[in-house]
Every structure is written in C-alpha cells, then in structure tokens.
Amino acid sequence: MAKEELIQFEGLVTEILPDARYRVQLDAGHEIVADTAGKMKKNRIKTLAGDRVTIEMSPYDLEKGRLIFRHKDERPGGAPGGGAQRGAPQRGQFRRR
C-alpha cells in the first residue's frame with residue numbers, strides 16, 4: 001500500500017517547546033505544533049523563534065506537523081555573527097594544520 005501524500009505549508013516559528021518541538025504560525029493563519037525531522041536532527045540544524053520554516057503535515061491530522069526545512073535568513077544587515085561587519089579579519093585569524 002502506498003504512503004499517503006503529505007501536505008507542505010510555510011510558516012513562522014513563534015515559540016520553542018521542549019523535546020525539539022516548535023509552535024508554528026502558518027501563512028494560512030493556523031497555529032500548529034511541529035517536531036523536528038530526522039535529517040534536521042542528524043545534520044544539527046538549529047531553529048530559533050522567528051525563523052521561516054517549511055512544515056510537512058498528514059491530511060488526517062492537521063494539528064501536528066514535521067519541520068523539514070529552515071529557510072535562509074533574509075534580514076538586511078548581513079551575517080548573523082556580526083564579527084565580519086566590524087572589520088575583524090575572517091581569514092588568517094587561526095592557523096590551520
């Protein structure tokens with residue numbers, strides 16, 4: 001028997017919950033609880049409140065979902081670390097072996 005087709009939505013993480021769960025406000029206006037997909041756990045992709053994400057949901061249960069993708073940060077202002085903006089040297093700071 002074939003696996004049921006999953007529905008994908010985009011949304012915004014509003015709250016971080018325990019056990020790798022997140023409260024996500026979908027673009028359609030609904031609010032759901034989503035857990036992290038295995039590939040995101042394996043690759044140690046961190047998700048913070050305010051991140052844009054893609055959610056995968058079963059058509060049978062529209063209250064829960066699986067967070068499968070975190071979109072790149074599109075905020076103006078550059079790097080998330082902020083060190084490269086102040087003129088700190090990015091390369092040559094540490095010696096490679």
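What you are looking at is a predicted structure, and each value in this text was computed from that prediction instead of being measured.
- Under the side-chain contact (heavy atoms from CB on, under 4.5 Å) criterion, Pro18 pairs with no residue, sequence neighbours left out.
- With sequence neighbours excluded, no residue forms a side-chain hydrogen bond (donor to acceptor under 3.5 Å, both in side chains) with Thr47.
- Judged purely by atom type and a 3.5 angstrom limit, Thr54 has no side-chain atom pairing as donor or acceptor with the backbone of Glu10.
- Tracing side-chain contacts under 4.5 Å through hydrophobic residues (I, L, V, M, F, W, Y), one reaches Val53 starting from Ile7; they form part of the same cluster.
- The shortest distance between side-chain heavy atoms of Met40 and Arg70 falls below 4.5 Å.
- Grouping the Ile, Leu, Val, Met, Phe, Trp and Tyr side chains by contacts below 4.5 angstrom, directly or via other members, places Leu62 with Leu67.
- Hydrophobic clustering (ILVMFWY, side-chain heavy atoms < 4.5 Å, transitive): Ile16 and Ile45 are in one cluster.
- Taking CZ of Phe9 as the start and CD1 of Ile55 as the end, the distance is 10.5 Å to the nearest 0.5 Å.
- Each side chain to side chain donor-acceptor pair (under 3.5 Å) pair with one or both residues in residues 11-32, not counting sequence neighbours, appears once here: Glu15-Arg23, Asp27-Arg52.
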Exercise. Between Asp51 and His71, does a side-chain contact (heavy atoms from CB on, under 4.5 Å) hold up when you go through it step by step?
Worked result: CA-CA 7 Å; Asp51 285 347; His71 296 278; over 6 Å; no
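- Here Glu56 pairs with Leu6, Gln8, Arg66, Ile68 under the side-chain contact (heavy atoms from CB on, under 4.5 Å) rule; sequence neighbours left out.
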Problem set entry | Criterion side-chain contact (heavy atoms from CB on, under 4.5 Å) on Ile32 and Leu26, from CA distance to verdict | CA-CA 8 Å; Ile32 65 162; Leu26 299 179; 4.2 Å; yes
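- Identified under the salt bridge (charged side-chain N to carboxylate O under 4.0 Å, His left out) test for residues 35-44, with sequence neighbours left out: none.
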